[in-house]
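Heads up: the structure comes next, in structure tokens.
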There are 2 protein chains.
Amino acid sequence: MARAATTSDAFNAVAEPRRRQILIYLAHDERQVGDIVTALGLDQPSVSKHLGVLREVGLVRVRRNGRHRLYRTNAEAIRPLHDWTETFERYWSHQLNRVKERAERTEAQINRDRASNQKS
Amino acid sequence: MARAATTSDAFNAVAEPRRRQILIYLAHDERQVGDIVTALGLDQPSVSKHLGVLREVGLVRVRRNGRHRLYRTNAEAIRPLHDWTETFERYWSHQLNRVKERAERTEAQINRDRASNQKS
DNA sequence: ACAATACATACCCATATAGGAATATGTCAA
DNA sequence: TTGACATATTCCTATATGGGTATGTATTGT
């Protein structure tokens with residue numbers, strides 16, 4: 001079997017860096033396709049295809065306005081990613097704590113060494 | 001150009017569902033490969049290859065112990081994903097608020113309609 | 001040394017890309 | 001209607017994938 005389709009879920013869709021850029025760009029308000037093209041310096045068919053993928057997995061919403069189409073990020077669809085990554089939050093803080101503890105132990109050791117050096 | 005390599009970054013690496021399962025499984029303590037195989041019901045070469053990808057992007061750490069290899073999730077490497085998704089946190093709460101507001105407006109409208117119906 | 005165990009790697013293959021170029025569709029304006 | 005503009009779609013191609021199967025490599029126990 002080949003790799004899962006980019007349209008199979010949000011995880012696959014956001015694996016592509018350009019699509020992540022587009023999502024950020026469309027996060028705070030709606031923009032037409034041409035704006036994305038000039039803002040990100042991609043060419044139009046490329047943008048349209050990326051938008052197609054994002055549309056298919058519900059990461060963006062479209063609205064027609066005359067000959068323009070106004071796209072906007074559907075932040076709600078990014079939540080599953082956030083939730084999944086959050087599973088690991090306690091672990092990385094643990095790891096940070098371990099690093100911090102070790103640093104503190106090391107510092108304490110240095111202080112002890114210093115003290116014993118002064119004694120000698 | 002084809003799709004970016006799965007090993008190009010954490011985003012691409014976690015796009016694969018099995019790899020996400022593996023990361024969850026290895027999150028709270030280290031396990032040997034055989035455990036992953038039986039726990040997730042995949043076959044061994046498949047697991048090894050997934051671990052190879054995860055290793056290459058730093059999402060797991062390995063330690064040799066006799067003929068076993070003990071793998072563990074490196075939660076720190078998941079942080080960039082978390083950070084990226086967090087960019088959208090304020091937007092999805094906004095959207096929820098908008099939905100709620102609209103629901104309230106609709107309800108208010110219904111009440112108004114009801115009132116005017118009673119007048120007539 | 002040898003067999004067994006635990007993993008990793010190599011190979012083959014069907015498949016889905018992303019980019020580029022060209023073209024189609026749809027909408028406005030005169 | 002015709003042309004200009006905005007966007008979507010189609011076609012092409014090189015490339016990397018994940019699954020399966022087979023084999024390689026390291027380590028242990030006897």
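Everything numeric here is computed off the predicted structure, so don't read it as measured data. Numbers restart at 1 for each chain; the letters A, B, ... are given by sequence-line order, proteins then strands.
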**Request:** Using a cut-off of strictly less than 4.0 Å, decide whether A:T6 has a side-chain nitrogen or oxygen near OP1 or OP2 of C:dT17.
**Result:** yes
**Item:** Separation of D:dG18 C1' from A:R3 CZ (nearest whole Å)
**Value:** 10 Å
**Fill in**
Distance col, row B:D83:CG vs B:I78:CD1, nearest 0.5 angstrom, shows 12.0 Å
**Asked** Are any of B:H68's side-chain N or O atoms less than 4.0 Å away from OP1 or OP2 of C:dC7?
**Response** yes
**Asked** Between atom CG in B:L54 and atom P in C:dC7, what is the gap in whole Å?
**Response** 16 Å
**Request:** Using atom CZ of B:R20 as one end and atom C1' of D:dG18 as the other, report the distance to the nearest whole Å.
**Result:** 15 Å
**Asked** With sequence neighbours excluded, what pairs up with A:R55 under the side-chain hydrogen bond (donor to acceptor under 3.5 Å, both in side chains) test?
**Response** A:Y71
**Asked** Taking only side-chain nitrogens and oxygens of A:S46, does any of them come within less than 4.0 Å of OP1 or OP2 of C:dG19?
**Response** yes
**Request:** For DNA chain C, determine which residues of residues 31-42 of chain B have any heavy atom closer than 4.0 angstrom to one of its atoms, and list them numerically.
**Result:** B:Q32, B:V33, B:G34
**Message:** Rounding to an integer number of Å, can you tell me how far A:K49 NZ sits from C:dA16 P?
**Reply:** 16 Å
**Message:** With a 4.0 Å limit, can you tell me whether A:Y71 has a side-chain N or O closer than that to the phosphate oxygens OP1/OP2 of D:dA8?
**Reply:** yes
**Prompt:** Which salt bridge (Lys or Arg N to Asp or Glu O under 4.0 Å) pairs, counting each pair once, include a residue from residues 7-27 of chain B, with sequence neighbours left out?
**Reply:** A:D9-B:R20, A:R20-B:D9
**Request:** Would you give the length of the straight line joining atom CZ of A:R69 to atom CG of A:L51, rounded to the nearest 0.5 angstrom?
**Result:** 10.5 Å
**Message:** Between B:S48 and C:dC7, is there a contact of a side-chain N or O with OP1 or OP2 at under 4.0 Å?
**Reply:** no
**Message:** In this structure, would B:L70 and B:V33 fall into the same cluster of hydrophobic residues linked by side-chain contacts under 4.5 Å?
**Reply:** no
**Prompt:** Taking atom C1' of D:dG19 as reference, at what distance in whole Å does atom CZ of B:R19 sit?
**Reply:** 13 Å
**Whole-Å gap separating P (C:dA18) and CD (A:Q21)** = 14 Å
**Item:** DNA chain C: 5'-proximal contact among B:A2 and B:V47 (nearest heavy atom)
**Value:** B:V47
**Request:** Keeping the roles fixed (side chain from A:T73, backbone from A:L23), state whether a donor-acceptor pair exists under 3.5 Å.
**Result:** yes
**Prompt:** How does protein reach along nucleotides 22-30 of chain C, written 5' to 3' as B (base within reach of a heavy atom under 4.0 Å), S (only sugar-phosphate), or - (no contact)?
**Reply:** B---SBBS-
**Request:** Take the protein atom CG of A:N12 and the nucleotide atom P of C:dT15, then report the distance between them rounded to whole Å.
**Result:** 18 Å
**Prompt:** Do B:V60 and B:V53 share a hydrophobic cluster (ILVMFWY, side-chain heavy atoms under 4.5 Å, transitive)?
**Reply:** no
**Message:** Of the listed nucleotides (C:dA18, D:dG19, C:dT9), which one gets closest to any side-chain atom of B:E16?
**Reply:** D:dG19
**Asked** Hey, are the side chains of A:V47 and A:L42 touching, using non-hydrogen atoms and a 4.5 Å cut-off?
**Response** yes
**Request:** Round to the nearest Å and state the distance from B:E30 atom CD to C:dA6 atom C1'.
**Result:** 16 Å
**Where at least one partner belongs to residues 24-43 of chain B, residue pairs that pass salt bridge (Lys or Arg N to Asp or Glu O under 4.0 Å), sequence neighbours excluded** = B:D29-B:R31, B:E30-B:R63
**Prompt:** Quick one: ring-ring contact (aromatic ring centres under 6.0 Å, His included) partners of A:H68, sequence neighbours excluded?
**Reply:** none
